[in-house]
Amino acid sequence: GENVEQHPSTLSVQEGDSAVIKCTYSDSASNYFPWYKQELGKRPQLIIDIRSNVGEKKDQRIAVTLNKTAKHFSLHITETQPEDSAVYFCAASISSNTGKLIFGQGTTLQVKP
Amino acid sequence: DTAVSQTPKYLVTQMGNDKSIKCEQNLGHDTMYWYKQDSKKFLKIMFSYNNKELIINETVPNRFSPKSPDKAHLNLHINSLELGDSAVYFCASSLPGQGYRNEQFFGPGTRLTVL
């Protein structure tokens, strides 16, 4: 079945630095790749997503890149701020009526002021 | 205006007991999900219903039984609770098949502690 590997498991950066989180997926049929942010004690929330026919997508300080050949996708956060501190999950899905998402293991990002 | 709500928020119980968690969404979505988030934060899908029909049933013990009385509600009943069932259970809903995006809206979670 589909498997998503996410690295690193923890990431600590200084405020203003960039942060990069990487994921790989196993099922080449996957065509939808969302990223969720979960603040401490809160629910996961979608922050950005990308479809397999797009190589890169940007939304203000966050961007996602996708290498479909290598089955890699990454989240890039620039000019990090303390409020970016959270657990970030990547996920992969085959667009269908089931909507099944396979999540990575999560990355705990700490932004030090 | 709560989009996806769950009750209770906290549940503390003894091993061997039976308990239920309720979920409701007012987004008009067709599909609802149950996820388990363990102590290592790993989010794993358990079940999914589309218009009251079970469409995803992962490898979950038979002690877990979902029920969807209508497409706005998805409840989770757990029999004979075990220590390993302690986790945060999230309900979510979405409208898959609407283009490529399948944004899942999560409830606030239910923290289950089995003693």
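We name chains A, B, ... by the order of the sequence lines, and we start the count at 1 in each one.
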Could you tell me whether A:E15 atom CD has more than 12 heavy atoms of other residues or ligands within 6.0 Å of it? yes
A:L109 and A:V4: same hydrophobic cluster, using ILVMFWY side-chain contacts below 4.5 Å? yes
Exceeds 12 heavy-atom contacts within 6.0 angstrom, atom CD of A:E79: no
Residues which pass side-chain contact (heavy atoms from CB on, under 4.5 Å) with A:E56, listed by chain and number, not counting sequence neighbours: A:T65
Test item: B:F90 and A:Q38 side chains (from C-beta on) under 4.5 Å apart, heavy atoms: yes
The reported gap from OG in A:S93 to CD in B:Q104 (rounded to nearest 0.5 angstrom) is 8.0 Å
If you count every heavy atom of other residues, nucleotides or ligands that lies below 6.0 Å from A:D59 atom CG, does the total exceed 12? yes
Looking at A:E83, I want to see if its CD is surrounded by more than 12 non-hydrogen atoms of other residues, nucleotides or ligands under 6.0 Å. yes
Verdict with supporting geometry, A:F89 and B:Q37, side chain to side chain contact (heavy atoms under 4.5 Å, CB included): CA-CA 12 Å; A:F89 293 95; B:Q37 186 170 47; 3.5 Å; yes
Heavy-atom closest contact (A:R43 atom, B:G107 atom, distance): CB-O, 3.2 Å
Salt bridge (Lys or Arg N to Asp or Glu O under 4.0 Å) involving B:E58 - partner list, sequence neighbours excluded: A:K100
Tell me, do B:E103 and A:D49 make a side-chain contact under 4.5 Å, heavy atoms counted? no
Within a strict 4.5 Å, meaning less than it, do heavy atoms of the B:F106 and A:L46 side chains meet? no
Sort by residue number and list every member of residues 71-83 of chain B having a non-hydrogen atom under 4.5 Å from chain A. none
Are B:I56 and B:F42 connected in a single hydrophobic cluster, I mean Ile/Leu/Val/Met/Phe/Trp/Tyr linked by side-chain heavy atoms less than 4.5 Å apart? no
Chain B heavy atoms under 4.5 Å from A:P34: which part of the residue, side chain, backbone, both or neither? neither
Quick check for you: to the nearest 0.5 Å, what is the distance between B:L43 atom CG and A:I102 atom CD1? 11.0 Å
For atom NZ of B:K67, decide whether the heavy atoms of other residues, nucleotides or ligands shown that lie under 6.0 angstrom number more than 12. no
Given a strict heavy-atom distance threshold of 4.5 Å, which part of B:I45 is in contact with chain A: side chain, backbone, both, or neither? side chain
Is there a continuous path of hydrophobic side-chain contacts, each under 4.5 Å between heavy atoms, that joins A:I62 to A:F73? yes
Between A:F103 and chain B, with a heavy-atom cut-off of 4.5 Å, which part of the residue counts as in contact: side chain, backbone, both or neither? both
Looking only at B:K44, B:R111, B:K41, B:K40, the option with the highest number of non-hydrogen pairs under 4.5 Å against chain A is B:K41
Excluding B:V4, membership of its hydrophobic cluster (Ile, Leu, Val, Met, Phe, Trp, Tyr; side-chain heavy atoms within less than 4.5 Å) reads B:L27, B:F105
